[in-house]
Amino acid sequence: MIRAALALLVATPLLLSLTRLDQLLTEYRFQPSSLSGLRVVICGASSGIGEAMAYDYAVGGAHVAVLARSENLLRAVATEAARRGAASA
């Protein structure tokens, strides 16, 4: 009985926090214009999620600094980011 009560005491704030987080995420509407002029550094930008992030920030007009181990792939990502509208890449 005591364990159940303790579990309820611990779980209740967590559930309330998750519910509030869900509300905030539902209310949030991403505006690409909010990225204009923002300076971002993206590590691992030569492929995968890092590459996608570089392009997303570029579309919004951010200054995008990309880092990765592969120079050739990185140059291609920087070129594409600039083509998509990055303030600088």
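Predicted, not measured: the structure shown is a model, and the values here were computed from it.
- Residue T79 holds its OG1 atom at 12.0 Å from CZ of R84, rounded to the nearest 0.5 Å.
- Sorted pairs that involve residues 38-50 and meet salt bridge (charged side-chain N to carboxylate O under 4.0 Å, His left out), not counting sequence neighbours, are lacking altogether.
- Hydrophobic clustering (ILVMFWY, side-chain heavy atoms < 4.5 Å, transitive): L73 and V77 are in distinct clusters.
- Here the straight-line distance linking atom CD of E71 with atom CG of L74 works out to 8.0 Å at 0.5 Å rounding.
- One hydrophobic cluster, built from ILVMFWY side chains closer than 4.5 Å, cannot hold both Y57 and V41; they sit in different ones.
- Sequence neighbours left out, not one pair with a member in residues 41-52 passes salt bridge (charged side-chain N to carboxylate O under 4.0 Å, His left out).
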Counting only pairs under 3.5 Å, give me each side-chain donor-acceptor contact of residues 62-70, with atom names and distances, residues two or more places apart or in other chains.
{"from": "H63", "atom 1": "ND1", "to": "S88", "atom 2": "OG", "distance (Å)": "2.8"}

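- Taken to the nearest 0.5 Å, the CD1 atom of I42 stands 11.5 Å off from the CD1 atom of I49.
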